[in-house]
Amino acid sequence: MDSFKIKGPVKLSGEVSISGSKNAALPIMVSCIARPGIYTLNNVPNLRDTRTMIKLIETIGAKVKKDNNQVIIDSRDCNNPEAPYDLVKTMRASFYVLGPLLSRFTTAKVSLPGGCAWGPRPVDYHIKAFEKMGATIKLDRGYIQADGKLKGAVIDFKVSSVGATGNVLMGCVNVDEEVIINNAAREPEIVDLCNFLVKMGVSIVGIGTSILKIKGDSNNQPVNIIHNIIPDRIEAGTFITAAVMTHSTITLKNINIDHIKSVLDNLKNVGLKVSVNSETSIIVSHQGEIIAQNMITDVYPGFPTDMQPQWIALMTLSNGESTTEDTIYHDRFSHIPELLRLGANISLNKNIAKISGIEKLISADVMCTDLRAGAALILAAMVSDGTTSISRVYHVDRGYEDFEYKLESLGVDIKRVSVK
Ligand code: EPZ
């Protein structure tokens, strides 16, 4: 189990290239199962999670070639509609395979995802939606057994769910009748998935809105598709927050500026300066005080919950009191006890954290509890006095490509220590 040793405080300088989006790549990779074909995906981040997804689609029978950030998936000979517990337990997104399997094979056996680091993350919306589309779903010793030819339906999501929207979209690939999703997720990763499915021959009206009208095609003719994955907006947000916390100036490349609008707008309120370099590159800088600001997370285009831990880390050094409320995950706060170990002043009441800004953080031994909590600890370590040791960084490896090398190239003194 590797750990990082980070020496702080540090100033950043230089430029960083943002990788492809983990949360767009995962559903797009698994959707290749829904229709036989050869799929060439570019800008796929090389992460623990994308490697797990490759293993999953290989167990279903796909042949996968990977060369750096290009992944070629040949799904013509898939024949095993099953997702084993061993893979699903390591990555919840494996559950997205239910839609593509049901759509292509009219049967699927998929392990229920286990627990998550920060509390219950049910998949009841996914299951209810497929039942509404005509599938019979049974729970069998920890596995979902789903059977039946999917048909047209109107799906109303009580809460806008990224995963359930994606799963249903992929389930529609071979459905000739119309499926309507009301209160669909509007995240850029869902838009990227929609654009990919359209290349597969699926008709989708309302892409990027909360009402999607989808019509697939059961002809099942093999396809040959090339697609570039969108940039990772959460990785971009993480590096920009690092620039603010260290009062630095850095350049980000390979970004989509629209996708990070809410993050940029909120960071500008705490003092960030942004200049646009080109359509896909910005220079960000911060000097002086970090202005305390309250934050409430929301679904896209609101402030993303996947930036909440990094935001709290930032507010620990602000010039006053602020609150951060997570409306998506009410108990996504396992990073707070670790930030307290670095000397932060934070109290938590249900899903609202109250942060009292302090002068500086002091290094200590801390532990990653999940992907974004890990990112927040790395940011905090970069501004802490002394050398901080962060254990269980395998969480961070799930979602940040070449993180320590990118940070090192910006001037961070970071070492990976492998503990056998
Ligand atoms: C996706 O998770 C992302 N994961 C998460 O990013 C992200 O935090 C989340 O969307 C919200 O933006 C991937 O894309 C792989 P949801 P997902 O379904 O799809 C409730 C990261 O750090 N809900 O939009 O699982 C749920 O509990 C990860 O990269 C149900 O109650 O999230 C939550 O409160 C972490 N029943 C809310 O909806 C359901 O069946 C939103 O969840 C489904 C969801």
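Side chains are part of it too, since the values below use all heavy atoms of this structure and drop only hydrogens, waters and symmetry mates. Ligands are counted one by one from 1 in listed order, and the atoms in each one are counted from 1 as well.
- Looking from atom 27 (O) of ligand 1 to the surrounding protein, the closest heavy atom is Pro122 CD, 3.6 Å.
- Formation of a donor-acceptor pair under 3.5 Å by the Ser281 side chain with backbone atoms of Ser278 is not found in this model.
- The single protein non-hydrogen atom nearest to atom 14 (O) of ligand 1 is Asn23 CG, 3.1 Å, given as residue, atom name and distance.
- An N or O contact shorter than 3.5 Å is missing between Glu187 and ligand 1 by distance.
- Where the criterion is an N or O separation shorter than 3.5 Å, residue side chain and backbone included, Arg92 fails it with respect to ligand 1.
- Contact annotation: for Tyr96 versus ligand 1, heavy atoms closer than 4.0 Å belong to the side chain alone.
- Of the candidates Asp306, Val162, Thr165, Val162 brings a heavy atom nearest to atom 1 (C) of ligand 1.
- Tyr125 CE1, 3.8 Å is the protein heavy atom nearest to atom 23 (N) of ligand 1.
- In this structure a side-chain-to-backbone donor-acceptor pair under 3.5 Å is present from Thr241 to Gly237.
- When only interatomic distances are considered, the shortest N/O to N/O separation between Gly163 and ligand 1 falls below 3.5 Å.
- Applying the 4.0 Å criterion to heavy atoms of Asp124 picks out, from ligand 1, the atoms 30 (C), 31 (O), 36 (N), 39 (C), 40 (O).
- When hydrogens are left out, the protein atom nearest atom 38 (O) of ligand 1 is Val159 CG1, 4.0 Å; that is the closest non-hydrogen contact.
- Only the side chain of Arg332 comes within 4.0 Å of ligand 1, counting heavy atoms alone; its backbone N, CA, C and O stay farther away.
- Considering backbone and side-chain atoms together, Thr305 places no N or O closer than 3.5 Å to any N or O of ligand 1.
- A donor-acceptor pair under 3.5 Å is absent between the side-chain atoms of Asp74 and the main chain of Lys63, judged by distance alone.
- A side-chain N or O of Asp192 and one of His227 form a donor-acceptor pair less than 3.5 Å apart.
- Between Ile328 and ligand 1, a contact under 3.5 Å exists for at least one N or O pair.
- The distance from atom CD of Glu325 to atom CG of Asn294, rounded to the nearest 0.5 Å, is 10.0 Å.
- Counting only heavy atoms of the protein, atom 26 (C) of ligand 1 lies nearest to Tyr329 CE2, 4.1 Å.
- Close contacts of ligand 1 with Val123, meaning ligand atoms under 4.0 Å from a residue heavy atom, involve 39 (C), 40 (O).
- Between the side chains of Ser356 and Glu321, at least one donor N or O sits under 3.5 Å from an acceptor N or O.
- Ring centroids of Phe95 and His126 are separated by less than 6.0 Å, placing the two rings close together.
- Annotation: the span from Ser94 atom OG to Ile57 atom CD1 amounts to 11.0 Å, rounded to 0.5 Å.
- If you check which protein heavy atom lies closest to atom 18 (O) of ligand 1, you get Ser161 OG, 2.6 Å.
- Near Arg121, the atoms of ligand 1 lying under 4.0 angstrom from a non-hydrogen atom of the residue are 2 (O), 17 (P), 25 (O).
- Separation of the Phe239 and Phe403 ring centroids falls under the 6.0 Å cut-off.
- Salt-bridge check for Asp397 with Arg416: passed, with a basic side-chain N closer than 4.0 Å to an acidic carboxylate O.
- In terms of protein heavy atoms, atom 22 (O) of ligand 1 is closest to Arg372 NE, 2.8 Å.
- Using a 4.0 Å cut-off to heavy atoms of His126, the atoms of ligand 1 that qualify are 40 (O).
- Checking Asn183 against Ser160 by side-chain atom types alone, no donor-acceptor pair falls below 3.5 Å.
- Nearest heavy-atom pair across Lys22 and Leu47 is CB-CD1, 3.6 Å.
- Within the structure, the closest approach of Lys22 to ligand 1 falls below 4.0 Å when heavy atoms are considered.
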